[in-house]
Amino acid sequence: MQNKDTLFSTPLTNIGDFRFDQGVADVFSDMIQRSVPGYTNIIATIGELAKSYVTPGSRVYDLGCSLGAATLAARRNIDASEVEIVAIDNSEQMIERCQRNLGAYRSEIPVHIACEDIRQTEIKNASMVILNFTLQFLPPADRQALLNKIYSGMLPGGLLLLSEKVHFEDTQINELQIELHHNFKRAHGYSELEISQKRTALENVLRTDTLPEHIARLKEIGFKHASPWFQCFNFTSMVAIK
Ligand SMILES: C[S@@+](CC[C@H](N)C(=O)[O-])C[C@H]1O[C@@H](n2cnc3c(N)ncnc32)[C@H](O)[C@@H]1O
Ligand SMILES: O=C(O)C(=O)C[C@]1(C(=O)O)C=C[C@@H](O)C=C1
């Protein structure tokens, strides 16, 4: 049973910073599907990419794994032998639920789940790294170092899947995209109050880059290929190949 997200549905006297706490972990599946256009499609595509890019004897990293949706999609689709998945999140409540979710399905592929800061995670022997709406929550100054570390720990030909909320340099286009995103939320049953209170809660926590900034950084780090493969409004998903 999926719990419905009603976290921002009543007026809050004090809107604190958005945190991945118990309340969010309990409704996260519903929240992300009703908030991120294309989320289900992105998860399915992660599975397809895992099938094509994960190589025998290598590792897959799911950084900021939340409830394990991307890990599950990858695990279901990997054909290569002797593969290990490493799923990391620094929210105990997410990790606890992630463990339960993954335990509910049988698989030959081991998943090492850990509650830690992805800035501390050692990356090695990776044929695929997934950052599905996680980098955006890191302080902007820490993003380059994390991506450098990921690049260093990847095998040649390995694939980074990077999904992010973005903003646009052109103010009018930016406002248009935000409005379309809000319409998406309205269409999924969120009220004006829910939309505006969540926006305030995310303000200091989710700091977006632009799509050109992302692609330029990936190329500068050394990825041979980097491109968006999906965009809907202010949400994009990119692939980068070492
Ligand atoms: C939007 S969610 C990711 C959704 C998930 N990847 C999926 O596909 O369903 C962002 C996650 O990143 C985690 N996170 C944020 N900063 C982190 C950090 N520094 N280290 C580890 N996890 C982090 C949060 O706890 C949260 O679960
Ligand atoms: O609701 C929004 O506006 C969002 O930005 C969606 C978003 C995200 O992109 O990570 C924000 C917080 C939750 O983790 C789920 C989804």
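Counting convention: from 1, in listed order, for ligands and their atoms alike. None of the values given here were measured: they were computed from a predicted structure.
A salt bridge does not link Glu82 with Arg59: none of the charged nitrogens is closer than 4.0 Å to a carboxylate oxygen. Between Glu192 and Arg186 there is a salt bridge, with a side-chain nitrogen of the basic residue lying less than 4.0 Å from a carboxylate oxygen of the acidic one.
Residue contacts with ligand 2, taken as heavy atom pairs separated by less than 4.0 Å, involve Leu202 solely via side-chain atoms from C-beta onward. Of the heavy atoms in Leu67, none comes closer than 4.0 Å to ligand 1. Only the side chain of Ile43 comes within 4.0 Å of ligand 1, judged by heavy-atom distances.
Near Leu138, with a cut-off below 4.0 Å to any heavy atom, the atoms of ligand 1 are 19 (N). Which parts of ligand 1 touch Ser91 is read off a 4.0 Å heavy-atom cut-off, strictly below it: atoms 25 (O). Remark: ligand 2 atoms within the under-4.0 Å shell around heavy atoms of Lys185 are 1 (O), 2 (C), 3 (O). Below 4.0 Å from some heavy atom of Phe20 lie the following atoms of ligand 2, by number and element: 14 (O). The Phe137 neighbourhood of ligand 2 comprises atoms 10 (O), with distances under 4.0 Å to a heavy atom of that residue. Numbered from 1 in the order shown, with element, the atoms of ligand 2 that lie under 4.0 Å from a heavy atom of Phe235 read 5 (O), 9 (O). Less than 4.0 angstrom separates some heavy atom of Glu116 from each of these atoms of ligand 1: 20 (N), 21 (C).
Comparing Ile118, Val205, Asn132 by heavy-atom distance to atom 20 (N) of ligand 1, the nearest is Ile118. Among Phe28, Phe18, Phe20, the residue whose heavy atom lies closest to atom 24 (C) of ligand 1 is Phe20. Considering only non-hydrogen atoms, atom 10 (O) of ligand 2 lies nearest to Gln136 out of Lys165, Gln136, Arg34. Considering each of Leu161, Leu131, Ile32, Asp117, the one bringing a non-hydrogen atom nearest atom 19 (N) of ligand 1 is Asp117. Which of Arg199, Lys198, Gln33 comes nearest to atom 11 (C) of ligand 2 through a heavy atom is settled by distance: it is Lys198.
Scanning the protein for heavy atoms near atom 23 (C) of ligand 1, the closest one is Asn90 OD1, 3.1 Å. Given atom 5 (C) of ligand 1, the protein heavy atom at minimum distance is Gly64 O, 3.4 Å. The shortest contact between atom 2 (S) of ligand 1 and any protein heavy atom is with Ser66 OG, 3.2 Å. Of all protein heavy atoms, the one lying nearest to atom 16 (C) of ligand 2 is Val36 CG2, 3.8 Å. Scanning all protein heavy atoms for the shortest distance to atom 1 (C) of ligand 1 gives Phe133 O, 3.2 Å. The nearest heavy-atom contact from the protein to atom 25 (O) of ligand 1 is Asp89 OD1, 2.6 Å.
Looking at Asp62 and Thr71, their side chains do bring a donor and an acceptor atom within 3.5 Å of each other.
Between Ile88 and ligand 1 there is no heavy-atom distance shorter than 4.0 Å.
Residues Leu146 and Ile118 come closest through the heavy atom pair CD1-O, 3.6 Å.
The number of heavy-atom neighbours closer than 6.0 Å to CZ of Arg217, taken from other residues, nucleotides and ligands shown, is above 12. Annotation for Arg143: atom CZ counts as buried by contact number, over 12 foreign heavy atoms lying within 6.0 Å.
Considering backbone and side-chain atoms together, Tyr39 places an N or O closer than 3.5 Å to an N or O of ligand 1. For ligand 1, the polar-atom distance check finds no N/O of Gln136 at less than 3.5 Å from any of the ligand's N/O atoms. Between His181 and ligand 2, no N or O atom pair is found at a separation short of 3.5 Å.
Geometric assessment of Arg76 against the ring of Tyr105 yields a positive cation-pi assignment under the 6.0 Å and 45° thresholds. Figure legend: Lys165 and Phe133 shown without cation-pi pairing, the cationic atom not lying both under 6.0 angstrom from the six-membered ring centre and within 45 degrees of its axis. Cation-pi geometry between Arg34 and Tyr190 is met: under 6.0 angstrom from the ring centre, within 45 degrees of the axis.
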Test side-chain hydrogen bond (donor to acceptor under 3.5 Å, both in side chains) applied to Gln136 and Thr208, step by step: CA-CA 6 Å; Gln136 60 193 20; Thr208 52; over 6 Å; no
CA sep, side-chain torsions, deciding dist, call: Arg100, Glu96, salt bridge (charged side-chain N to carboxylate O under 4.0 Å, His left out): CA-CA 7 Å; Arg100 267 192 276 154; Glu96 197 256 318; 3.3 Å; yes
Check against ring-ring contact (aromatic ring centres under 6.0 Å, His included), Phe20 and Phe137: CA-CA 11 Å; Phe20 293 96; Phe137 290 106; 5.0 Å; yes
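Although no hydrogens or angles enter the test, the distance criterion places a donor-acceptor pair under 3.5 Å between the side chain of Gln197 and the main chain of Leu12. Using a distance-only test at 3.5 Å, with no hydrogens or angles considered, a donor-acceptor pair links the side chain of Tyr61 to the main chain of Lys124.
Looking at Met238 and Trp229, their side chains never come closer than 4.5 Å, going by heavy atoms from C-beta outward.
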